[in-house]
Number of protein chains: 2
Amino acid sequence: MPKQVDYEERRLRIAEAVCALVARSGMEAVSLRDVAAEADVSMGAVQRCFRTKEDMLLFALEHISQRVSERADQRIAATSTPQAATTLLSHTLAELALLDEESRAQAHVWLAFVGHAPTSERLAAVLHETYAKLHDLVVWLIGYGQDTQEFPPHLDAVQEAHTLLAVADGLTVHVLAGHHSPETASAVLQRHVDRLAR
Amino acid sequence: MPKQVDYEERRLRIAEAVCALVARSGMEAVSLRDVAAEADVSMGAVQRCFRTKEDMLLFALEHISQRVSERADQRIAATSTPQAATTLLSHTLAELALLDEESRAQAHVWLAFVGHAPTSERLAAVLHETYAKLHDLVVWLIGYGQDTQEFPPHLDAVQEAHTLLAVADGLTVHVLAGHHSPETASAVLQRHVDRLAR
DNA sequence: TCTTTTCCGATGCACTTGCATCATAACCGC
DNA sequence: GCGGTTATGATGCAAGTGCATCGGAAAAGA
């Protein structure tokens with residue numbers, strides 16, 4: 001058997017490089033050469049990992065998409081001490097909204113991809129799927145809050161989830177655009193969730 | 001006096017071309033040549049109107065930014081028949097959220113620019129200013145609703161405006177990403193406004 | 001050690017980009 | 001008309017792009 005290489009690891013590494021570049025200087029700054037340099041591999045290696053540039057970008061999106069979902073799931077799973085559903089919901093949403101400073105890069109990447117979704121069919125598909133997953137998550141959280149009687153039972157979980165997700169994404173945009181600081185955005189979110197609990 | 005040309009008109013025309021291109025095939029598709037072709041002028045003309053490409057894009061952003069604001073203002077000013085503050089607010093927000101199909105292009109452009117805001121100082125400034133203006137507008141609308149006693153007086157107009165703007169922008173993103181149709185997005189918005197009126 | 005198979009990375013290539021240049025055309029006051 | 005001024009658009013140019021190519025390096029089994 002000839003030389004073998006851990007492609008999965010390299011792909012991830014390249015995806016990280018893509019994110020770093022997008023976050024630092026926008027999406028147009030992502031050229032194969034730049035990515036290769038950032039990931040500290042040769043251009044040939046990048047071309048071997050991904051057939052085209054679009055494939056590479058798509059993989060990067062799926063990567064951060066997955067990371068965001070995972071983080072949210074973990075936060076919920078890690079609730080060993082029985083936490084108030086209210087704070088669980090607001091914290092999860094804050095996570096999804098990528099508000100903290102270190103998520104700023106991911107938010108930047110995310111938005112860049114959304115901006116390109118109308119252009120690329122495949123990209124749109126990934127986004128659609130991710131949003132559906134997140135929506136389900138939020139619906140579940142609201143239901144949980146209703147079980148613990150923190151949220152009134154007459155709430156329409158599906159509708160509320162739509163609104164909550166919209167608020168979260170809107171705040172992501174606002175923070176990125178400089179209209180909000182992460183703190184004020186977080187406060188807005190918190191307030192909205194508290195309101196649900198009446 | 002030599003040949004004179006209506007620069008303002010040409011600038012607007014070019015700005016429209018930029019928007020059309022961005023909407024059609026994303027922001028990377030905007031090259032000086034493409035813009036010139038789309039606007040049906042020569043490349044030299046474009047270069048005469050705008051010193052650099054960045055200037056051109058910035059002007060295009062300011063253009064649509066202004067158009068959106070104007071449309072919202074007009075909708076309010078045109079309220080000859082005394083309209084319910086509730087519907088006035090929700091319609092205005094729907095307008096701002098660029099939900100209808102023909103605003104899709106503008107939404108696309110807007111988002112593209114937001115995505116580039118962290119990169120460009122000047123771009124961020126324009127966005128910041130616009131958001132501030134919109135916020136003031138929504139605050140005023142809520143206050144108006146309180147005057148007509150449609151909204152409870154204890155509402156914190158500033159905070160509610162923040163949430164409303166976030167919902168609107170979030171929905172813009174969701175529609176663009178294919179997570180919502182304009183109709184469902186509009187319904188979510190409507191629901192949220194109705195909720196304010198208790 | 002040698003062979004074989006995979007991987008690497010440098011180079012080439014056709015193309016596009018933003019911007020500069022400049023001869024020419026279009027215009028206005030005279 | 002005519003001179004002087006300004007706008008125009010074709011062309012040039014260097015830099016950068018994604019992708020294809022390919023000789024040889026590297027590793028694992030013989």
Side-chain angles (χ1 to χ4, degrees), chain A residues 1-22 24-61 109 112-113 115-116 119-123, chain B residues 1-22 24-61 109 112-113 115-116 119-123:
Chain A
M1 283 264 279
K3 186 174 178 182
Q4 282 294 12
V5 149
D6 185 350
Y7 276 101
E8 210 48 45
E9 187 251 341
R10 196 194 294 279
R11 283 163 110 87
L12 288 180
R13 183 166 169 173
I14 291 175
E16 297 285 354
V18 169
C19 292
L21 278 178
V22 172
R24 192 185 313 144
S25 26
M27 192 137 199
E28 5 269 14
V30 177
S31 73
L32 292 191
R33 284 163 180 82
D34 291 346
V35 169
E38 177 77 24
D40 204 41
V41 298
S42 80
M43 225 181 94
V46 176
Q47 293 191 75
R48 175 159 296 270
C49 277
F50 302 104
R51 217 173 42 79
T52 69
K53 185 186 182 182
E54 196 196 348
D55 282 350
M56 181 183 75
L57 294 178
L58 218 63
F59 181 86
L61 171 61
V109 177
F113 280 119
H116 287 225
T119 302
S120 158
E121 197 66 43
R122 304 165 64 194
L123 216 160
Chain B
M1 283 263 280
K3 186 177 180 182
Q4 281 293 13
V5 151
D6 186 349
Y7 276 100
E8 210 48 45
E9 187 252 341
R10 195 194 295 278
R11 285 163 107 87
L12 287 181
R13 183 169 172 170
I14 291 175
E16 297 285 354
V18 169
C19 292
L21 278 179
V22 172
R24 192 183 313 142
S25 27
M27 191 137 198
E28 3 270 15
V30 176
S31 73
L32 293 190
R33 285 166 178 81
D34 291 346
V35 169
E38 176 77 25
D40 204 41
V41 300
S42 79
M43 226 182 92
V46 176
Q47 294 190 72
R48 175 159 298 272
C49 277
F50 302 103
R51 216 171 44 76
T52 69
K53 185 186 183 183
E54 196 196 346
D55 282 350
M56 181 184 75
L57 294 178
L58 218 63
F59 181 86
L61 171 60
V109 177
F113 280 119
H116 287 225
T119 302
S120 157
E121 196 66 44
R122 304 164 63 194
L123 215 160

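Hydrogens, waters and symmetry mates play no part in the numbers below; they use all other heavy atoms, side chains included. Note on naming: letters A, B, ... go to the chains in the order of the sequence lines (proteins, then strands), and numbering restarts at 1 for each one.
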Calculate the interatomic distance between Asp55(A) atom CG and dC19(D) atom C1'; express it in whole Å. 13 Å
Any side-chain to backbone donor/acceptor pair from Arg11(B) onto Cys49(B)? Under 3.5 Å, distance only. yes
Protein-nucleotide distance (Arg11(B), atom CZ; dA7(D), atom C1'), rounded to Å: 15 Å
Looking at every strand, decide which applies to Phe50(B) at a 4.0 Å heavy-atom threshold: base, sugar-phosphate, or nothing. nothing
From CG (Leu58(B)) to OG1 (Thr52(B)), nearest 0.5 Å: 8.5 Å
Need one value for Val30(A): base, sugar-phosphate or nothing, where a base atom within 4.0 Å counts as base even if backbone is also close, heavy atoms only. sugar-phosphate
Nearest whole Å is fine: how far is dT17(D) P from Met56(A) CE? 12 Å
Between the base of dG16(D) and the side chain of Arg33(A), is there any donor-acceptor pair under 3.5 Å? no
If you find the nucleotide of DNA chain C closest to Gly44(A) and the one closest to Arg51(B), which residue's nucleotide is nearer the 5' end? Gly44(A)
Check this for me, if you would: do Asp6(A) and Arg13(A) make a salt bridge, where the nitrogen-to-carboxylate-oxygen distance has to be below 4.0 angstrom? no
Please classify the nucleic acid contact of Arg10(A) as base, sugar-phosphate, or nothing, using heavy-atom distances under 4.0 Å. sugar-phosphate
Just the rounded figure in Å: distance from P of dT8(D) to CZ of Arg48(B). 7 Å
Pair Arg122(B), Asp55(B) - check salt bridge (charged side-chain N to carboxylate O under 4.0 Å, His left out), show working. CA-CA 10 Å; Arg122(B) 304 164 63 194; Asp55(B) 282 350; 3.1 Å; yes
Given side chains that start at C-beta, do those of Met27(A) and Met27(B) come closer than 4.5 Å, heavy atoms only? no
Leu21(B) has an atom CG; how far is it from atom P of dT16(C), in whole Å? 16 Å
Selected nucleotide, minimal atom distance to Asp34(A) side chain, candidates dC8(C), dT17(C), dT17(D): dT17(D)
Please tell me which of the listed nucleotides, dG18(D), dC19(C), dT8(D), lies nearest to the side chain of Ala45(B)? dT8(D)
OP1 or OP2 of dT17(C) less than 4.0 angstrom from a side-chain nitrogen or oxygen of Ser31(B), does that happen here? yes
In whole Å, what is the span from the CG atom of Leu32(A) to the C1' atom of dC15(C)? 15 Å
Give the nucleotide from the list dA7(D), dC19(C), dC19(D) with an atom nearest to the side chain of Thr52(A). dC19(D)
What is the distance, to the nearest angstrom, from the CG atom on Leu57(B) to the C1' atom on dG18(C)? 12 Å
Rounding to an integer number of Å, can you tell me how far Lys53(A) NZ sits from dC19(D) P? 8 Å
Minimum-distance nucleotide (side-chain atoms of Met43(B) versus dT17(D), dG9(D), dC19(C)): dC19(C)
From dC7(C), dG9(C), dC19(D), nucleotide with atom closest to Gln47(A) side chain: dC19(D)
